[in-house]
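Note: hydrogens, waters and symmetry copies are ignored here, and every other heavy atom, side chains too, is used. By convention in this document, chain letters (A, B, ...) are assigned in the order of the sequence lines, proteins followed by strands, and residues within each chain are numbered from 1.
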Amino acid sequence: MSVKKIIAQKAAGYLNDGDVVNLGIGIPTLVADYLPEGVQVFLHTENGILGVGPTPEAGMEDQDLVNAGKLPVTVIKGASYFDSAASFAMIRGGHIDVSILGVLEVDQLGRVANWAVPGKSVLGVGGAMDLLEGSKKVIVTTMHTTKKGEPKIVRELNYPITSQRRVDLIITEKAVFETDERGLLLVSSSENVTMEELRKNTGADFRVKEGKEYEGKEPGAGAD
Amino acid sequence: MSVKKIIAQKAAGYLNDGDVVNLGIGIPTLVADYLPEGVQVFLHTENGILGVGPTPEAGMEDQDLVNAGKLPVTVIKGASYFDSAASFAMIRGGHIDVSILGVLEVDQLGRVANWAVPGKSVLGVGGAMDLLEGSKKVIVTTMHTTKKGEPKIVRELNYPITSQRRVDLIITEKAVFETDERGLLLVSSSENVTMEELRKNTGADFRVKEGKEYEGKEPGAGAD
Amino acid sequence: MRKLITPEMAMTFIKSGSRIMVGGFGLVGCPLTLVRALSETGIGDLEIISNNLGEPGKGLGVLVREKKVKKGIGSYFTSNPDVTAAYQAGELEIELLPQGTLSEAIRAGGAGIAAFYTPVGAGTKIAAGREERTFADKRHVLQEALKADAAFIKASHCDELGNLVYSKSARNFNPIMATAADLVIAEVDELVEAGEIPPEDIVTPHLFVDYIVLKGERGK
Amino acid sequence: MRKLITPEMAMTFIKSGSRIMVGGFGLVGCPLTLVRALSETGIGDLEIISNNLGEPGKGLGVLVREKKVKKGIGSYFTSNPDVTAAYQAGELEIELLPQGTLSEAIRAGGAGIAAFYTPVGAGTKIAAGREERTFADKRHVLQEALKADAAFIKASHCDELGNLVYSKSARNFNPIMATAADLVIAEVDELVEAGEIPPEDIVTPHLFVDYIVLKGERGK
């Protein structure tokens with residue numbers, strides 16, 4: 001299984017049956033494929049669908065039916081369509097249970113940068129800020145380091161911040177962190193990852209969550 | 001024809017084909033019965049209908065289908081239903097062509113009191129303020145004087161004002177007034193009403209609109 | 001259907017002192033089964049957000065008669081003389097808003113908008129003491145959003161996920177109240193299977209609805 | 001049908017320098033016939049309110065290439081490299097808003113709400129210099145309503161009065177833009193008779209719609 005799929009599978013373990021979930025582009029999109037048995041979630045997409053289904057087979061695409069990434073989708077039974085103001089009212093109003101997002105960076109207070117790159121023209125934000133601000137719970141799924149091996153979890157953001165709201169969970173291929181008002185809490189690390197390696201590859205300080213083992217252990221479904 | 005029906009008929013003459021119209025309780029409700037030939041209007045009611053039709057026959061009432069006066073109504077072909085926020089978005093957003101309202105008083109700047117009585121508990125306002133504020137055009141239909149013979153068009157309101165917005169037309173059984181930033185303009189008076197009688201029964205100053213005859217003449221349909 | 005409960009069970013989620021939104025324009029679109037179930041409990045000291053407080057002895061009027069309503073927030077209470085009497089006796093507090101400001105404040109509550117500026121009411125007694133601001137040379141009044149602990153709403157039918165559609169003008173305040181409370185209980189005439197309501201026709205998507213109660217049901 | 005006109009006739013209502021809202025999320029739900037008709041006129045210097053400015057050479061992207069757009073107000077322009085290039089060349093002004101703030105500002109424009117407070121964007125670069133205010137211990141940003149001279153929207157079908165319904169996720173910005181412009185022109189796939197769309201299912205009531213154009217129609 002690819003590393004990205006492993007991260008997606010870990011994130012899927014944190015979803016509860018009945019959750020309304022918004023999935024970002026990239027790793028988050030993969031989460032839908034790894035839902036634990038007995039867990040049905042309802043996928044919301046900010047362009048105006050509740051109840052997104054699997055990708056259609058080639059040739060079966062409907063040009064009026066896309067997700068927020070503008071990719072063709074299907075809908076499940078009981079799905080509904082609504083306009084953009086209504087869709088963002090759902091997001092901003094706190095009606096989305098979980099958003100799963102990719103990031104450029106997370107800081108040590110659990111705040112995210114995922115919309116703009118310094119020095120480049122800032123011409124796109126989409127729903128990133130609304131989702132971070134309004135979702136009841138935000139899960140970040142990300143590779144632990146960049147392609148160049150630099151930490152994505154950093155003391156201070158190098159990229160423009162997306163929201164002052166701290167995310168609830170950060171899930172990488174190496175570890176899972178929760179956050180509290182003081183910062184990051186290591187909940188678990190992957191089997192083959194030592195604490196030393198984790199400290200080295202994490203640009204921010206973190207504490208180990210009390211009562212949690214911090215090596216070689218994954219949280220179970222709904223463990224939060 | 002009763003005096004109230006005469007007022008309603010005069011008001012109907014000011015409606016144009018295709019207008020979206022909101023009718024208040026009382027004389028305004030009667031206006032629908034006197035539309036000139038070739039003039040179809042679409043009746044909006046603030047509890048959430050566009051396309052209100054005639055009163056249903058006895059025994060044919062639908063308990064889910066009422067107007068803002070909570071009276072049973074029907075709908076015409078092409079009618080639609082919407083929620084209260086959407087309905088008042090239409091009103092406040094300037095999407096209603098004409099509102100026809102009853103009043104307690106109008107002042108000499110054309111401002112209306114029609115929601116509260118001084119000294120009594122103020123426990124109801126409904127859509128009165130929204131309709132006055134938001135409608136493209138407001139027509140007041142009212143008896144020229146109270147049952148006691150006191151003017152309803154007054155220099156200063158004795159009742160609490162409903163909106164700072166001045167109405168466009170005031171139609172009574174004796175006269176029709178337009179308004180401008182300086183006050184009331186007599187557009188026409190009824191055949192049997194002398195100027196002396198009009199001045200006596202009107203509590204506010206008014207000017208006679210330039211180029212208009214002011215006695216014994218009614219405006220034609222769509223004459224505004 | 002996992003969201004389907006009895007009216008009595010629904011009332012176990014409500015506490016004295018709660019703020020509850022109740023749908024309906026007068027009795028039209030009012031969740032009468034839920035209101036009756038509430039009146040059969042000992043729950044009182046309520047703050048009710050509703051356009052009206054029912055009619056004498058009908059709908060929310062029952063709660064007024066039983067002196068279970070501490071405060072009413074709405075736009076038109078004049079049609080129930082019991083409300084006027086309770087208000088004058090100092091037993092009932094009233095907050096009166098223009099109907100459009102009321103409905104917009106509820107929508108804002110559900111939409112995560114903290115406050116908005118409306119021109120309606122500016123320069124009138126209803127806005128006395130309120131914060132004002134001028135936009136495009138026009139006076140506007142600041143209105144904060146309204147939210148509630150619970151909303152009782154009435155829909156015509158509902159699928160097994162909790163998607164709702166409404167009948168005719170019984171829609172009124174129901175769809176917006178469904179968005180603006182921590183706990184939303186919908187009373188419906190009829191249940192259908194998921195997929196029976198076309199996705200374009202659903203007015204209240206199921207994510208807003210916590211529990212469903214069947215109209216007229218009692219005592220299970 | 002009295003509201004039915006040709007795309008060419010529709011363009012006679014548009015002037016250079018106008019501010020126009022254009023529906024659609026990318027090309028989905030974008031009124032492509034109207035956009036093409038506009039590109040075939042000499043009308044330029046436009047301010048376009050739209051989530052995106054199309055794709056390179058497609059939809060609104062045509063107007064960008066032809067340098068007919070003076071300013072874009074939207075939430076996501078990154079997907080069209082022509083926009084980035086024009087922006088960097090100083091030929092195109094951009095106002096970027098979070099997508100929810102954009103859609104709410106358009107709704108507010110149609111609903112007679114002058115401005116509102118949203119928590120989204122507070123404390124970020126996108127809200128730099130904006131007026132802030134705290135509600136319930138949370139920072140909020142003031143956003144004024146957006147209106148336009150004209151709106152081009154896309155619906156699936158329309159009855160003879162101008163009532164509109166939309167197809168699936170092609171609904172997006174169209175219903176709100178239909179409320180927020182002085183002149184609203186709807187491009188539709190199909191016309192039906194009044195009464196064929198059930199009153200509960202109409203998404204945009206006809207009072208918002210000034211003119212109707214048939215999709216794909218040209219040169220009459």
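Distance check, rounded to the nearest 0.5 Å: OG of A/S121 to OH of D/Y87 gives 5.5 Å. Note that CE of A/M129 is 9.0 Å distant from OG1 of D/T101, once rounded to the nearest 0.5 Å. A distance of 9.5 Å separates OH in A/Y81 from CZ in D/R171, rounded to the nearest 0.5 Å. Distance check: D/S103 OG to A/N47 CG gives 11.5 Å after rounding to the nearest 0.5 Å. Here D/S169 contributes atom OG and A/I49 contributes atom CD1; the two are 4.5 Å apart, rounded to the nearest 0.5 Å. Note that the CG atom of A/D83 and the OH atom of D/Y166 stand 8.5 Å from one another [nearest 0.5 Å].
Across A/A68, A/S80, A/A128, A/G48, the residue that shares the most heavy-atom pairs under 4.5 angstrom with chain D is A/A68. Between chain A and the options D/L102, D/I126, D/I176, D/T84, the largest number of non-hydrogen pairs under 4.5 Å is found for D/I126. When D/G121, D/P119, D/S79, D/S156 are compared by the number of non-hydrogen pairs under 4.5 Å with chain A, D/P119 comes out ahead.
Of all residues in residues 62-74 of chain D, none places a non-hydrogen atom less than 4.5 angstrom from a non-hydrogen atom of chain A. Within residues 128-149 of chain D, the residues having any heavy atom less than 4.5 Å from a heavy atom of chain A are, in residue-number order, D/K138, D/R139. Proximity to chain A at a heavy-atom threshold of 4.5 Å picks out D/E104, D/R107, D/T118 from residues 104-118 of chain D, in numerical order. When the heavy atoms of residues 92-99 of chain D are compared with those of chain A, the residues falling under 4.5 Å are D/I94, D/L96, D/L97, D/P98, D/Q99, listed by number.
With contacts defined as side-chain heavy-atom distances shorter than 4.5 Å, the pair A/K70/D/V28 does not qualify. Considering only heavy atoms from C-beta on, A/E46 stays 4.5 Å or farther from D/F25 through its side chain.
Residue contact with chain A, scored on non-hydrogen atoms closer than 4.5 Å, involves the side chain of D/N52 exclusively. Neither the backbone nor the side chain of D/A127 comes within less than 4.5 Å of any heavy atom in chain A.
At least one donor-acceptor pair under 3.5 Å links the side chain of D/T78 to the backbone N or O of A/G124.
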